[in-house]
Every structure is written in structure tokens, then in C-alpha cells.
Amino acid sequence: MQYCPKCLEDDEDPYLRAQWRFALQFGCARHGIALRDACPHCDAPLMPHRRPDGDARKCSECWKNLSALPDPLTEPEREVCRAASALYRDGSMHVGSERATFRDAILAVRRLFSWVTSARLPEGFANEFDIPSPMPSTEREPFDTLETARIGVRRWAIPFCFALLRTWPDDFLKACDEFGVSRTRVMDLRRTGAPSWFDSAIARLPHFPRARRTRHPPRRPTLETYKSAFERVSFEDYFSTLRHVPPGCGE
Ligand SMILES: [Zn+2]
Ligand SMILES: [Zn+2]
């Protein structure tokens with residue numbers, strides 16, 4: 001559960017926005033600050049139903065103000081938040097020269113997210129897309145997915161995924177060629193199906209890597225850990241939470 005500290009502060013009667021549930025959103029376009037996924041004082045998740053007096057502005061654990069210490073977004077981050085809002089509102093977005101449906105865009109971002117947050121991403125690849133490298137690792141968990149990763153990871157990875165899709169597939173293929181990225185290094189075990197325009201670009205990558213190995217060897221997770229990553233989010237449940245757009249929600 002994410003929230004905008006300023007929106008809560010400004011509300012006469014604080015309420016939680018449907019768009020804060022959207023996994024591709026990590027900021028508030030109106031206030032230009034990052035969303036939060038926990039209390040800034042004690043890091044407890046947002047659980048407004050636990051407060052006996054129902055005040056959504058206060059942490060249910062430490063009772064302190066959730067609106068403290070807002071974290072400003074950079075201008076490029078705000079741009080991505082606006083693009084995510086537009087996708088949420090319009091149900092489609094530009095991918096290269098085409099327009100992708102809401103579902104296809106999410107599936108593609110989900111696949112890219114699992115790749116860019118993994119050790120299979122070559123060092124320096126992100127810099128090609130004006131994304132700082134390496135990823136800030138403080139909030140990183142080994143089996144993060146788009147839906148389960150914390151805000152610090154998503155705030156880095158989502159602008160990266162949007163940058164990849166903006167010129168899809170040209171700049172992606174060019175950078176892959178430069179860094180010797182093979183098909184097997186983009187594919188992963190958590191694949192959940194992807195649109196044909198995504199898979200056809202991946203199919204143009206060479207089968208085998210031809211470049212140097214990265215300094216960090218790939219993680220070797222057990223089958224059990226993969227299973228739990230699979231089971232954490234049901235896709236049907238996920239999409240069913242996203243269909244409803246309340247009036248006045250788009251920014
Ligand atoms: Zn806000
Ligand atoms: Zn707290």
C-alpha cells in the first residue's frame with residue numbers, strides 16, 4: 001500500500017487513492033514527491049484500519065505523522081509519473097511507434113523489471129538510457145517483482161523500463177548488441193507471458209552471450225524460492241484491482 005504524504009496532509013477528510021495501488025506508480029504527479037510504502041518514522045506498513053480513531057494521517061504502530069519528510073522527485077521522475085498516470089487513465093501507452101494496451105504494457109514492464117533488477121543486467125547498461133547505475137541497493141530483496149518491490153527499487157527501475165519502451169525495440173537492441181546481451185540473459189524463470197511485440201524483439205537477440213562475464217555471478221536460487229515468488233501475486237487478482245478509475249483521480 002502506497003500513499004502520498006502531501007495528499008494525506010491536504011485532505012480535509014484523508015482518504016486513500018485507487019491510483020496509489022497501481023504498481024507502475026511511484027510518485028504523486030500533483031505534489032512532485034515520491035509515494036511512500038511505510039511510515040517515515042518506524043517503517044511500519046500503512047494500516048489505517050488498525051487505528052482506533054481511523055485517522056489515515058497517523059501511523060498505526062507509532063502514531064506519528066505519516067506526512068512528515070516528503071521526498072521530492074526529479075523532473076525526469078515526474079515525467080514518468082505523469083506517463084504512468086496517463087496509462088492508468090487512458091488504458092494504453094506509446095511503445096516505440098505503436099500504442100500498447102494497458103495489459104500488454106504492464107506485462108512488458110513486469111518482464112523488463114525482473115531483468116533490470118537482476119544480476120543479469122550488465123554493468124553500465126542503465127547509463128545508456130540516462131539511468132544512474134548501479135541500482136540503489138538499500139531496499140533490494142532477492143526476489144523482488146514489480147508488485148512486491150519497495151519504493152526505492154521501483155523508483156529506479158520503473159523509469160528505466162519506461163525509457164526502454166519509449167524507443168522500443170531500437171535502442172534496446174542497440175544497447176544489447178553493444179553489451180553482448182544474449183536472449184538467455186533477458187529471459188527468466190518468472191515469465192508470465194508477454195505481448196508479441198516484446199517477444200519478437202527478444203527473439204532478435206543472439207542465443208549465446210559473446211561478451212565478458214559480469215563481475216557479479218548470477219544468483220542461484222532454489223526451486224522453493226522461485227515458487228514463492230510465483231505464488232505471491234495472482235495475475236487475475238492484480239488486474240481486477242486496476243480496472244476501476246474513480247472520477248477526478250487522473251492527474
Ligand atoms: Zn500528492
Ligand atoms: Zn510509524
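Indexing begins at 1, ligand by ligand and atom by atom, following the structure's order. All heavy atoms count here, side chains included; hydrogens, waters and symmetry mates do not.
Geometry about the Zn ion (ligand 2) gives an angle of 110° between SG of Cys42 and SG of Cys59, rounded in steps of 10 degrees. With the Zn ion (ligand 1) at the apex, Cys7 SG and His31 ND1 define an angle of roughly 100° (rounded to 10 degrees).
For the Zn ion (ligand 2), the N/O/S atoms of Cys62 include one lying under 2.8 Å.
Proximity of the aromatic rings of Phe125 and Trp115 is defined here by a centroid distance below 6.0 angstrom, and this criterion is met. The aromatic ring centroids of Tyr15 and Tyr3 lie 6.0 Å or more from each other.
For the residue pair Ser85 / Gln25, a side-chain donor-acceptor distance below 3.5 Å is found, with atom types taken as modelled.
Applying the side-chain contact (heavy atoms from CB on, under 4.5 Å) test between Pro5 and each of Leu66, Ile33, Leu69 identifies Ile33 as the sole match.
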